[in-house]
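The block underneath contains the structure these notes are about, expressed in C-alpha cells.
Note that these values count all heavy atoms, side chains included, but never hydrogens, waters or copies made by symmetry. Sequential numbering from 1 along the given sequence is applied to the chain's residues.
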Amino acid sequence: MFLHNLKYELLSGLRSKDLTFWLILFPIILGSFFKIAFSGVYEKDTAFSKIDTAIVMTEEDVTLKSVIDGIEASDQPLMDVTYTNKEEAEKLLKDGDVKGIIYSGEELSLTVTDKGIEQTILSSFVEKYNNRARIIKKTAETDPSAIEKVAAVLSDDVKAANEVPLTEGNTNNLIFYFYNLIAMVALYGSLNGLNIAKNNQADVSALGARKQCSPTPKSLSTLASFCCCIIMQTMCMVICVTFLRFVLRVDFGNRLHFVYLAAILGGIVGVSMGFFIGSVGNISSNTRTTISFSLSMIFCFLSGLMISSLKPKIALMFPWFDKLNPAAVIADSFYSLNIYTDYDMYLEKLATMAIMSAVLVMLSLIFTRRKKYASF
C-alpha cells in the first residue's frame, strides 16, 4: 500500500509544471546569469595583477634597471614597467595607462594621481629602495670595505615571516552568490512540501477530501507524500549542483560529494518548512504558497543572495538569527567546505539542518493529527 501511494505521488509530482520551473529551470537560468555577470570580475577587481608603471631616467641608472629586471623576471612580478621620457610618462598617467611615474636620480621619486592599493605598493617600493640606497651610501662613507657585504644582505629577498595561505579553497568572494543560489533552491522545496499537507487535508483540497474517505490510514498517506517530496527535492538539488559544477564550472573545491550531501539535507529543510506552513491554520492554498515564497526570499536576501555584504552585517548585529536562518546555514555549510580543512563547522551546520527538519516535521505532524472533520 505504501509503495502504491508513493508511486502515484511521484507521478503526480513529476507532472507539476510549477515545481519543474521553480526547482529546475529557474535555478539554471539564474545561475547562468550569475556566471555571465560575474565572469572575470574577480580577476579584474580582486585578484592581484602587475602594476603598470612608467619609469623616467634622467641618466642611465644601472642599479635601478637591475632591480626592475629582477622584479619583472619573478614568478609574480610586481610591476609592468615602461621606460619613457617625462612628457610621455605624464600623458600615460593622465590617460590612466599607468598607475604611477617613478623618476630616477639621487633618490627615486613617485608621482601618482589617485589613492589606492596599487599606488600604495608603488610608494612602498620607492621608499624601500631609497632606504637601502641610503644605507649603502652611508656604508661607503664610513666603512668602504663593508659595502659588498651590506649590498649582498640588502639584495637578498629576506622575509620577516613566511607566506602561509589561510586557505587552499576558492578565495573568490563572488562564489557566495552561488552558495546562496543553492540555498534558494533548497528553500523553494517548501513549495513541494506544501503538497504534503494540502493533499492530506479535507478542508484544503478535493484530493485531501477523497483521501480522508479512503481506507488508507492518514499516517501512511502522509508518509508517502513526505517521501515523495524528499525524493523529488533530492533530484532537484543534485541537478542544481551538477549544473553549477560541470556546466558553469563553478569551483566548489575538491570535496564535491560533501557539497551534494549538504545540498540534499538543505532540500529536506525546505520540504519540512513547506510541510509546516501547510499544516498551520486554516488559510487558503494560495496564501500558503505566498507565505512560502516570501519566507524563502526573505531568508535568502538576509543570507546575501542579492547583496553579499549584507550577511556579515546580519551575523555581527544578530548572530542568533544568522545561526537560525536556514538559507544562511545551508550557504555556510558550503563555505566551510571551501575555507576550512577540518569538518567542525560543516558538521555543525549539518546538525543544525537535521534538527531544523526534525522539529518542523514533528510540529507539522502534531498540527495535522489534531484536525478532525465533521463531514466532507
Check: [X] side chain, [Y] main-chain N or O, donor-acceptor pair, under 3.5 Å:
X	Y	answer
Ser123	Gln119	no
Arg255	Thr341	yes
Ser272	Ile268	yes
Ser364	Phe276	yes

As a quick check of understanding, evaluate side chain to side chain contact (heavy atoms under 4.5 Å, CB included) for Met273 and Ser296, giving each step before the final call.
CA-CA 9 Å; Met273 187 175 78; Ser296 298; 3.6 Å; yes

Counting only heavy atoms not in [X], do more than 12 fall under 6.0 Å of its [atom1]?
X	atom1	answer
Phe318	CZ	no
Glu127	CD	no
Phe33	CZ	no
Tyr335	OH	no

Between [Y] and [X], is there a side-chain heavy-atom distance shorter than 4.5 Å?
X	Y	answer
Leu244	Phe252	yes
Met79	Leu122	yes
Thr113	Lys94	no
Leu191	Leu23	no
Ser32	Leu248	yes
Lys323	Thr352	no
Ile28	Val247	no
Lys128	Arg132	yes

Which of parallel (below 30°), tilted (30 to 60°) and perpendicular (above 60°) describes [X] and [Y]?
X	Y	answer
Tyr346	Phe258	perpendicular
Phe125	Tyr129	tilted
Phe34	Phe178	perpendicular
Tyr188	Phe293	perpendicular

Is there a continuous path of hydrophobic side-chain contacts, each under 4.5 Å between heavy atoms, that joins [X] to [Y]?
X	Y	answer
Phe321	Ile307	yes
Leu337	Phe246	yes
Ile29	Val241	no
Met362	Ile277	no
Leu295	Trp320	yes

What's the spacing between [X] [atom1] and [Y] [atom2] if we round to 0.5 Å?
X	Y	atom1	atom2	value
Glu88	Asp97	CD	CG	9.0 Å
Glu90	Thr84	CD	OG1	10.0 Å
Ser303	Leu187	OG	CG	9.0 Å
Asp342	Ile339	CG	CD1	12.0 Å
Phe176	Asn338	CZ	CG	10.5 Å
Cys240	Ile182	SG	CD1	5.0 Å

So which of Asn325, Asn180, Asp332 actually passes side-chain hydrogen bond (donor to acceptor under 3.5 Å, both in side chains) with Lys311?
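Answer to the side-chain hydrogen bond (donor to acceptor under 3.5 Å, both in side chains) test with Lys311 among Asn325, Asn180, Asp332: Asp332.
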
Trace of the side chain to side chain contact (heavy atoms under 4.5 Å, CB included) decision for Phe26 with Val185:
CA-CA 9 Å; Phe26 182 70; Val185 178; over 6 Å; no

Apply side chain to side chain donor-acceptor pair (under 3.5 Å) to the pair Tyr260 and Thr242, showing each step before the final yes or no.
CA-CA 9 Å; Tyr260 278 111; Thr242 301; 2.6 Å; yes

Does the pair Leu310 and Phe301 meet the rule for a side chain to side chain contact (heavy atoms under 4.5 Å, CB included), with working shown?
CA-CA 8 Å; Leu310 182 61; Phe301 174 75; 3.5 Å; yes

Transitive ILVMFWY cluster of Tyr103 at side-chain heavy atoms under 4.5 Å: who else is in it?
Val56, Leu92, Leu93, Val98, Ile101

Check the pair Lys99 / Ile121 against side chain to side chain contact (heavy atoms under 4.5 Å, CB included), numbers first and verdict last.
CA-CA 10 Å; Lys99 301 299 181 181; Ile121 292 173; over 6 Å; no

